[in-house]
Number of protein chains: 2
Amino acid sequence: MKDIYNKIVDCQLFNGVSDIERLLSNFDVIIKKYNKDEEIIGYGDNVKILIVISGSLLTVSEDWQGNRNVISHIGKSGIFGVAHVFSNSRSTARVVCESDAEVAIIGIQKAYQDFLSQDYGKFIHNALLIVSNNCISFLEKVEHLSRRSMREKIISYLQACRSKQSSDEFELSFLRQDMADYLAVDRSALSAELSKMKKEGLIDYKKSWFKIKFNGLIK
Amino acid sequence: MKDIYNKIVDCQLFNGVSDIERLLSNFDVIIKKYNKDEEIIGYGDNVKILIVISGSLLTVSEDWQGNRNVISHIGKSGIFGVAHVFSNSRSTARVVCESDAEVAIIGIQKAYQDFLSQDYGKFIHNALLIVSNNCISFLEKVEHLSRRSMREKIISYLQACRSKQSSDEFELSFLRQDMADYLAVDRSALSAELSKMKKEGLIDYKKSWFKIKFNGLIK
DNA sequence: ACCATTTTGTTGTAATTACAACGGATTTAT
DNA sequence: ATAAATCCGTTGTAATTACAACAAAATGGT
């Protein structure tokens, strides 16, 4: 128990909670190790809150033709599932390991009786902040996906990266295929368009390093 | 004040709150009437929580070419802005009136001192449920938008409608142009594809009434 | 250093979609 | 009821993107 505590104490979910161990004792918590590409949550599964202790995860879905949609990337200390738990939704996507990973799986069902304790209140408040941020990043993805051309999608995405990193240069957390699947375009077409944009002097890049060379609106 | 109370007491945000008036006294609340097409929140605006008393709203964004992206539809009793408020984000979209509308605008900033009162706890908990549901519907929109063809987008969208209404027949809350902007496709192309799908016997529709005639996966 | 594997870029072609322009249908206002 | 305005469907053409197939580059393991 002490062990579990140490592994997840840093998570935003427990900010300001004075007695984390007591709070955790109201939850079902297990720590589990997964291998690269292993599935943690599948289509239609009941969702529990996941906290990434090491490694990273991807939430993805595939259509019947095999096209993959990368919904989000969850890095170290990242959290998945809060929205699902509190909206009582099953998963419409899969959560898979991008690399070997260690994950804390938290079931909060049995905690509802303890509802009004101060710590539970903080927990709920933290959860609210997390889901809200989550919500905003989905809005951001919606923004990219609703662009009417591939170039617009790319620009929208790169601008978001720039504003997150507050710099014109940054490393993406995506490889090309992942980036293509995130933007819902064909990988080779993405490569072609990126290279065209490089030729036109709009951007520079090498692998996952990118540099934006335009300012506001383009073309 | 009593007046304001009566207009928004039914909102999910106040479920289980024993003394709503006292809670509201910690907030800044105003009620405002808007005309069709009027803008309530603009790009980059600071966001307050909106509760729709009458009429309906759309959240939209436009790209520099004038393409409109309909992000979500907010009907009577609908709520906007909770995620923005708690994630401390400014708006990247506009909120406009789909029809004449009456809206409660709630600023919660000054309530933070009252943080641990029971009612505030319930309020936060309600907010969490709302944002979580919100989050799931954005995930749903992401799911539609990431389909690789227009037909797939349409099918994904109609299936979501079916499952929300638990019926193969339903009325959309969107006109064609709105539906096209929600799915990020051209309106006339959408009309053409819908009519092709009708010819193929996959669906039937007339204006905003739709009937799904397929079961699982198509073609 | 070498091979196997993975990742990325290139190109031509086929398929899809945007776009423009128009006509018909439906709704609203007077 | 009629005109005006809005909404919806149709069609042909131009532009974009997917797709397949392959080449080049980078990476990892031995």
Side-chain angles (χ1 to χ4, degrees), chain A residues 36-37 58 62-70 98-100 144-157 171-200 203-210 218-219, chain B residues 35-37 58 62-70 98-100 144-157 171-200 202-210 218-219:
Chain A
K36 179 166 154 60
D37 294 329
L58 287 178
E62 286 104 13
D63 65 21
W64 58 277
Q65 289 163 318
N67 293 309
R68 189 179 72 144
N69 170 24
V70 170
E98 198 184 27
S99 62
D100 291 356
H144 309 327
L145 288 180
S146 60
R147 301 298 168 154
R148 303 309 168 91
S149 74
M150 196 164 68
R151 176 169 295 202
E152 292 301 320
K153 287 183 181 183
I154 294 170
I155 289 174
S156 173
Y157 173 63
E171 293 282 331
L172 302 186
S173 53
F174 287 145
L175 301 177
R176 276 300 169 283
Q177 182 69 61
D178 292 336
M179 179 176 172
D181 291 344
Y182 180 79
L183 297 178
V185 298
D186 181 73
R187 182 200 57 78
S188 66
L190 171 62
S191 278
E193 186 66 25
L194 285 173
S195 116
K196 211 193 306 180
M197 291 173 72
K198 189 196 279 190
K199 278 200 194 76
E200 294 177 26
I203 59 173
D204 196 9
Y205 64 93
K206 179 167 189 158
K207 299 212 16 128
S208 65
W209 172 84
F210 278 76
I218 316 306
K219 204 207 155 184
Chain B
N35 298 320
K36 177 166 155 61
D37 294 327
L58 286 178
E62 287 103 14
D63 65 21
W64 59 277
Q65 289 163 317
N67 294 309
R68 190 178 71 145
N69 169 26
V70 170
E98 196 185 27
S99 61
D100 291 356
H144 308 327
L145 288 179
S146 60
R147 301 297 169 157
R148 304 309 168 92
S149 74
M150 197 165 66
R151 176 168 294 201
E152 294 301 319
K153 287 182 180 182
I154 295 170
I155 290 174
S156 173
Y157 173 63
E171 293 281 332
L172 301 187
S173 53
F174 286 145
L175 301 176
R176 272 305 166 282
Q177 183 68 62
D178 293 337
M179 179 176 170
D181 291 344
Y182 180 79
L183 296 178
V185 298
D186 181 73
R187 181 199 59 77
S188 67
L190 172 62
S191 278
E193 187 66 25
L194 285 173
S195 117
K196 209 191 312 178
M197 291 174 72
K198 190 197 275 192
K199 278 199 193 76
E200 294 177 26
L202 293 176
I203 59 174
D204 196 9
Y205 65 91
K206 178 167 190 156
K207 301 209 15 127
S208 67
W209 171 84
F210 278 76
I218 316 304
K219 206 214 153 179

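First the proteins, then the strands, lettered A, B, ... as listed; each starts at 1. Values reported hereafter were calculated over all heavy atoms of this structure, with side chains retained and with hydrogens, waters and symmetry mates removed.
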Starting from [atom2] on [N], measure out to [atom1] on [X] and report it in whole angstrom.
X	N	atom1	atom2	result
Ile154(A)	dT17(D)	CD1	C1'	12 Å
Leu183(A)	dT16(D)	CG	C1'	16 Å
Arg151(A)	dA15(D)	CZ	P	15 Å
Arg68(B)	dC19(C)	CZ	C1'	18 Å
Leu172(B)	dC7(D)	CG	C1'	15 Å
Asp37(A)	dT6(C)	CG	P	10 Å
Lys153(A)	dA18(C)	NZ	P	11 Å
Gln65(A)	dA15(C)	CD	P	14 Å

- request: Assign the ring pair Tyr182(A) / Tyr157(A) to parallel, tilted or perpendicular, where the plane angle (0 to 90°) is split at 30° and 60°.
  value: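 Tilted, since the angle between the ring planes falls between 30° and 60°.
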message: Ring-plane angle category for Tyr205(B) and Phe210(B), please: parallel below 30°, perpendicular beyond 60°, tilted otherwise.
response: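 Answer is parallel, since the angle falls under 30°.
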Exercise: identify the closest heavy-atom pair between [X] and [Y]:
X	Y	result
Glu193(B)	Arg151(B)	OE2-NE, 2.7 Å
Arg176(A)	Leu190(A)	O-CD2, 3.8 Å
Leu145(B)	Ala184(B)	CD2-CB, 3.9 Å
Ser156(A)	His144(A)	OG-ND1, 2.6 Å
Glu171(A)	Ser208(A)	OE1-OG, 2.8 Å

message: Using 0.5 Å steps for rounding, measure from the CD atom of Glu98(B) to the CG atom of Leu175(B).
response: 7.0 Å
Expected rows: protein N/O vs nucleotides 28-30 of chain C N/O, under 3.5 Å:
none

message: Please determine whether a side-chain nitrogen of the Lys or Arg among Asp181(B) and Arg148(A) lies less than 4.0 Å from a carboxylate oxygen of the Asp or Glu.
response: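 Looking at Arg148(A) together with Asp181(B), the answer is yes, because their closest N to O distance falls below 4.0 Å.
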Are any protein N/O atoms closer than 3.5 Å to N/O atoms in nucleotides 8-11 of chain D? If there are, list each pair with its distance.
| from | atom 1 | to | atom 2 | distance (Å) |
| --- | --- | --- | --- | --- |
| dC8(D) | OP2 | Arg176(B) | N | 2.9 |
| dG9(D) | OP2 | Arg176(B) | NE | 2.9 |
| dG9(D) | OP2 | Ser191(B) | OG | 2.9 |
| dG9(D) | N7 | Arg187(B) | NH1 | 3.1 |
| dG9(D) | O6 | Arg187(B) | NH2 | 3.0 |
| dT10(D) | OP2 | Ser195(B) | OG | 2.6 |

message: On DNA chain C, compare the nucleotides closest to Ala184(B) and Asp178(A); which residue's is nearer the 5' end?
response: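 Looking at the nearest nucleotide for each, Asp178(A) comes out on the 5' side.
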